[in-house]
There are 2 protein chains.
Amino acid sequence: MIGMTEATYFILVALMEEPLHGYGIIKRARTQSLGEVDLAVGTLYSALDRLSEAGWVRLDREETVNGRPRRYYRITDDGARAVRAQAARLQRAAALVLRPSGVTSA
Amino acid sequence: MIGMTEATYFILVALMEEPLHGYGIIKRARTQSLGEVDLAVGTLYSALDRLSEAGWVRLDREETVNGRPRRYYRITDDGARAVRAQAARLQRAAALVLRPSGVTSA
DNA sequence: CGACTATATATCGACCGTCGAAGTATGGAA
DNA sequence: TTCCATACTTCGACGGTCGATATATAGTCG
């Protein structure tokens with residue numbers, strides 16, 4: 001299986017418009033998926049670590065609000081490329097069912 | 001995260017045209033995904049067990065070839081419904097990147 | 001005023017699904 | 001005769017998701 005997980009995909013998609021902090025990513029993913037994707041915090045932060053290591057996301061800036069850190073993440077060019085490639089794969093996968101073309105029963 | 005895994009999706013898609021046996025599913029998934037999806041045998045058979053239990057797939061018939069069983073699986077109505085719903089989800093997910101509509105930067 | 005919810009991050013163990021390998025078996029090609 | 005394709009079973013390792021727990025503040029509702 002090539003392709004990234006659904007969680008990874010929605011995290012990257014959430015970051016495409018602008019840099020967001022962790023909780024903001026969770027909310028944006030929820031909205032963009034029409035409520036279908038509800039990222040667990042554990043999933044988010046471990047995914048963010050993996051994505052940072054992979055160079056698909058990087059720390060944009062760090063603010064301090066109420067004495068607590070708020071880390072904003074930004075998608076990188078590599079990340080943007082990866083998410084576009086994944087979107088194309090998803091489209092092709094969906095098309096197999098929604099626009100069947102190679103019908104065998106000639 | 002709602003949605004099924006990619007492996008599950010491609011197994012169900014492979015079965016949409018006609019019943020297939022395990023190895024046939026692997027080959028069909030490979031072809032339909034243009035070589036991108038290469039199901040591991042371990043993945044396939046455990047997924048088939050799960051899908052049978054869920055009622056999305058059922059044993060169609062069992063042949064004996066060269067003294068070895070060859071089990072053909074058939075997708076059920078529930079399975080077909082599930083795969084159509086998943087295809088719609090994949091399409092929507094892909095559209096977020098390929099046809100962005102809710103652009104914030106007015 | 002007290003309970004609850006939303007905002008916000010960190011961490012950890014449990015669990016689920018995927019992967020790859022080993023085992024078993026046959027037929028055909030090199 | 002060695003190797004590859006076909007074909008199913010099982011099992012351990014690994015990767016990623018989930019939910020809980022901890023911590024902290026501000027706002028809402030009764």
Side-chain angles (χ1 to χ4, degrees), chain A residues 1-15 19-31 33 35-54 56-57 59-73 82 86 89 93, chain B residues 1-15 19-31 33 35-54 56-57 59-73 82 86 89 93:
Chain A
M1 205 61 67
I2 295 183
M4 60 186 80
T5 63
E6 245 181 79
T8 301
Y9 180 74
F10 276 97
I11 289 169
L12 291 176
V13 171
L15 291 174
L20 291 171
H21 60 272
Y23 207 71
I25 294 172
I26 292 176
K27 285 189 292 179
R28 173 103 67 189
R30 189 153 43 206
T31 314
S33 68
E36 274 180 0
V37 173
D38 193 7
L39 295 167
V41 285
T43 304
L44 178 78
Y45 292 110
S46 66
L48 241 23
D49 287 346
R50 251 179 295 122
L51 290 170
S52 297
E53 240 181 293
W56 287 1
V57 145
L59 192 62
D60 183 63
R61 65 187 188 279
E62 202 164 339
E63 292 174 2
T64 304
V65 180
N66 296 322
R68 298 174 55 69
R70 188 175 294 184
R71 268 182 274 282
Y72 284 79
Y73 292 88
Q86 178 67 5
R89 270 194 290 270
Chain B
M1 205 63 65
I2 295 181
M4 60 186 79
T5 63
E6 246 181 73
T8 301
Y9 180 73
F10 276 97
I11 289 168
L12 291 176
V13 171
L15 291 174
L20 291 172
H21 60 272
Y23 208 70
I25 295 171
I26 292 176
K27 285 190 292 179
R28 173 101 69 190
R30 190 153 42 206
T31 314
S33 68
E36 274 181 1
V37 173
D38 193 7
L39 295 167
V41 285
T43 304
L44 178 79
Y45 292 108
S46 67
L48 241 21
D49 287 346
R50 252 180 293 122
L51 289 170
S52 297
E53 239 181 293
W56 287 1
V57 145
L59 193 61
D60 183 63
R61 64 187 190 279
E62 201 165 341
E63 293 175 3
T64 304
V65 180
N66 297 323
R68 296 175 56 70
R70 189 175 295 181
R71 268 182 274 281
Y72 284 80
Y73 292 89
Q86 179 67 6
R89 270 194 291 268

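All values derive from a computational prediction rather than experimental measurement. Numbered from 1 within each chain, the chains take letters A, B, ... in sequence-line order.
Taking both residues in full, the closest heavy atoms of Tyr45(A) and Tyr23(A) are given as OH-N, 4.2 Å, listed atom of the first, atom of the second, then distance. In plain terms, the two heavy atoms of Ala29(B) and Ala14(B) that are nearest each other are N-CB, 4.4 Å. In this structure, Ala82(A) and Met4(A) approach most closely via the heavy-atom pair O-CE, 3.5 Å. Nearest heavy-atom pair across Pro19(B) and Tyr72(B) is O-CD2, 3.9 Å.
Applying the 6.0 Å contact sphere to CD of Glu63(B) captures more than 12 heavy atoms from other residues, nucleotides or ligands.
Between Arg28(B) atom CZ and dA7(D) atom P there is a gap of 13 Å when expressed in whole angstrom units. When the P atom of dA8(C) is taken as reference, atom OH of Tyr73(A) falls 14 Å away, rounded to whole Å. If you take CD of Glu63(A) and P of dT9(C), they are 10 Å apart, rounded to a whole angstrom. Taking atom CD1 of residue Ile25(A) and atom C1' of nucleotide dT9(C), one finds them 12 Å apart after rounding to whole Å. Rounded to whole Å, the distance from CD1 on Ile26(A) to C1' on dA8(C) is 9 Å. Atom CG in Leu48(A) sits roughly 9 Å away from atom P in dT9(C) (whole-Å rounding). When rounded to the nearest whole Å, the span between OH of Tyr23(B) and P of dT24(C) equals 19 Å. Between the C1' atom of dT9(C) and the CG atom of Leu59(A) lies a distance of 13 Å, rounded to the nearest Å.
Residue Arg50(A) has no polar side-chain atom (N or O) positioned under 4.0 Å from OP1 or OP2 of dG15(D). At dG17(C), none of the side-chain N or O atoms of Thr43(B) fall inside 4.0 Å of OP1 or OP2 (strictly under the cut-off). Remark: Arg70(A) is not in phosphate contact with dT9(C), judged by side-chain N or O atoms under 4.0 Å from OP1 or OP2. Between dA8(C) and Lys27(A), a contact under 4.0 Å exists linking OP1 or OP2 to a side-chain N or O. For the OP1/OP2 pair of dA6(C) and a distance below 4.0 Å, the side-chain nitrogens and oxygens of Arg30(A) include no atom meeting the criterion. Dashed line: the shortest gap from a side-chain N or O of Thr5(B) to OP1 or OP2 of dT18(C) is under 4.0 Å.
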Write down the protein N/O and nucleotide N/O pairs, taken from nucleotides 20-22 of chain D, whose separation is under 3.5 Å; answer none if there are no such pairs.
none

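Residue His21(B) holds its NE2 atom at 12.5 Å from CD of Glu62(B), rounded to the nearest 0.5 Å.
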- Pair Leu20(A)-Arg28(A), side-chain contact (heavy atoms from CB on, under 4.5 Å): steps then yes or no: CA-CA 9 Å; Leu20(A) 291 171; Arg28(A) 173 103 67 189; 3.4 Å; yes
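Comparing His21(B) and Ser46(B) along DNA chain D, the residue whose closest nucleotide (by nearest heavy atom) sits nearer the 5' end is His21(B).
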